Structures are given as structure tokens and as C-alpha cells.
Amino acid sequence: MHGLVPSSSAASPLSSSLTDPVISRIPTLDARPGLSAASSLLLSHNFRLLAATNGGLETTRGLFARALGDDEAERWDYFSCDEDKTAKPAPSVYRDVWRRLGVDEGDEEKHGWFVASHTWYVVSLASLALPRRRR
């Protein structure tokens with residue numbers, strides 16, 4: 001959670017004694033019910049799956065590996081907002097995700113969907129599913 005969580009040296013009203021216990025629990029969070037079944041179904045139908053996160057890339061990869069197993073998690077693509085130092089729900093993040101997937105601006109509605117991964121995050125959506133392009 002690199003630039004999105006203030007470090008103890010940053011000017012912040014929160015001390016590390018408050019944030020460290022919360023942040024240390026993130027890698028142990030359980031996946032939403034149904035993630036494994038949805039992932040398996042979509043991958044079996046050749047969908048391309050990408051998780052876009054405000055968190056750190058390695059933490060997110062670890063969460064998916066924990067939830068899906070290493071083999072299935074490796075079939076996903078991952079995008080961290082750390083890459084452009086802007087967090088969701090900024091529109092630029094979603095443009096960057098589409099670009100990463102090779103979708104031209106304006107063609108988004110023809111090529112995929114954003115699907116929320118958090119109950120509290122319904123408006124701006126966190127995961128992306130696209131049919132996998134033949135290589």
C-alpha cells in the first residue's frame with residue numbers, strides 16, 4: 001500500500017500504532033464468497049480477468065493466490081494504482097486499466113465490464129473482465 005497509506009514520517013493525524021495493526025491484517029483478509037466460482041467459470045470461458053487495486057500489487061497478488069490458489073491466480077492480470085500515483089475512483093485509473101488491456105478510448109462498452117469487489121465500493125468498480133484475445 002505504498003503511496004496511498006501515509007508513512008509514519010508523513011504528516012498524518014494517524015500514528016503507526018493505529019494504522020500498523022490494520023494494515024498488517026490486509027494480507028489475511030478472506031475473499032468475498034463466490035470469487036473462486038466466478039473466477040473458474042469466467043476463465044473456463046476464456047475471459048481475461050484483471051484486478052485493479054488501490055493497494056500494493058504484491059499484496060493483491062497474495063490475496064488472490066490465497067483465495068484462488070497459485071495456478072488460478074496466475075491466470076489473472078493485476079493493476080495497482082501505485083503505477084500512476086492516482087487512486088480509484090479517479091477516471092484516469094480506469095482509462096489506464098483499459099489502455100493496459102489494449103482497449104481504445106471510446107470502445108470500453110464493447111469490450112468488457114467492471115465488477116465491484118467490495119460491498120462498500122459499488123459506484124466505482126474494482127475488477128475487470130474481458131474476453132481473452134487470441135494471441
Side-chain angles (χ1 to χ4, degrees):
M1 312 232 3
H2 306 280
L4 301 177
V5 175
S7 68
S8 58
S9 62
S12 171
L14 302 175
S15 74
S16 62
S17 65
L18 294 173
T19 58
D20 288 352
V22 174
I23 292 170
S24 70
R25 293 281 300 159
I26 291 172
T28 68
L29 295 174
D30 291 327
R32 293 220 12 160
L35 172 66
S36 182
S39 175
S40 294
L41 177 66
L42 291 168
L43 289 170
S44 73
H45 285 87
N46 297 317
F47 277 77
R48 183 175 180 189
L49 302 175
L50 182 143
T53 180
N54 280 343
L57 194 55
E58 291 312 309
T59 299
T60 300
R61 286 178 189 270
L63 287 167
F64 276 76
R66 185 170 174 263
L68 302 173
D70 290 332
D71 291 341
E72 189 161 333
E74 287 177 17
R75 295 179 64 195
W76 282 66
D77 292 308
Y78 300 90
F79 177 88
S80 172
C81 294
D82 286 347
E83 293 179 39
D84 65 2
K85 307 293 187 238
T86 304
K88 297 179 291 171
S92 64
V93 172
Y94 299 98
R95 283 192 298 271
D96 288 346
V97 167
W98 286 118
R99 260 186 249 136
R100 165 74 60 82
L101 293 167
V103 175
D104 294 325
E105 198 163 329
D107 284 346
E108 299 91 340
E109 289 183 24
K110 295 188 275 186
H111 293 289
W113 308 275
F114 281 101
V115 179
S117 68
H118 308 291
T119 310
W120 48 266
Y121 200 52
V122 175
V123 176
S124 298
L125 306 166
S127 298
L128 178 72
L130 284 176
R132 190 169 293 280
R133 292 186 176 159
R134 295 187 182 193
R135 295 176 187 175

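Being a predicted model, the structure only gives us computed values, none of them experimental.
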- Message: Under the criterion salt bridge (Lys or Arg N to Asp or Glu O under 4.0 Å), I'd like the reasoning laid out for Arg61 against Glu74: C-alpha separation, chi angles, the key distance, then a yes or no.
- Response: CA-CA 8 Å; Arg61 286 178 189 270; Glu74 287 177 17; over 6 Å; no
- Message: Within the 4.5 Å heavy-atom criterion, are Leu49 and Ser39 side-chain neighbours or not?
- Response: yes
- Taking all non-hydrogen atoms of both residues, which atom of Thr86 and which atom of Cys81 are closest, and how far apart? O-CB, 3.0 Å
- Hey, mind stepping through Val93 and Phe79 against side-chain contact (heavy atoms from CB on, under 4.5 Å) and telling me if it holds? CA-CA 9 Å; Val93 172; Phe79 177 88; 4.1 Å; yes
- So which heavy atom on Ala31 is nearest to which on Ala67, and how close? CB-CB, 3.5 Å
- Answer yes or no: is there a donor N or O on one side and an acceptor on the other, between the side chain of Lys88 and the main chain of Tyr94, under 3.5 Å? no
- Which distance, rounded to the nearest 0.5 Å, do you find between the CZ of Arg25 and the OG1 of Thr28? 3.5 Å
- Message: Once rounded to the nearest 0.5 Å, what's the spacing between atom OG of Ser92 and atom CZ of Arg99?
- Response: 8.5 Å
- Do the side chains of Pro91 and Arg95 get nearer than 4.5 Å, heavy atoms only? yes
- Note: Pro27 and Thr59 closest approach over all heavy atoms is CG-CG2, 4.5 Å
- For the pair Arg75 and Glu72, find out whether any cationic side-chain nitrogen is under 4.0 Å from an anionic carboxylate oxygen. no
- Item | Reported CG-to-CD distance for the pair Asp82 and Glu58, which is rounded to 0.5 angstrom | 11.0 Å
- If you measure from the Lys or Arg side-chain nitrogens to the Asp or Glu carboxylate oxygens, is any gap between Asp77 and Arg100 under 4.0 Å? no
- Are Arg66 and Asp30 within salt-bridge range, i.e. N to O under 4.0 Å? yes
- Query: Of the options Leu68, Thr60, Leu50, which is the one that meets Trp76 in a side-chain contact (heavy atoms from CB on, under 4.5 Å)?
  - Reply: Leu68
- When rounded to the nearest 0.5 angstrom, what is the spacing between CD in Glu83 and CG in Asp96? 8.0 Å
- Message: Could you report the tightest heavy-atom contact between Pro21 and Ser17, atom names first, then the distance?
- Response: CD-O, 3.3 Å
- Task: Might you point out which heavy atoms bring Tyr78 and Ala73 nearest each other, and give the distance in Å?
- Result: OH-O, 2.8 Å
- Note on the structure: side-chain hydrogen bond (donor to acceptor under 3.5 Å, both in side chains) filter on Ser44, not counting sequence neighbours, yields none
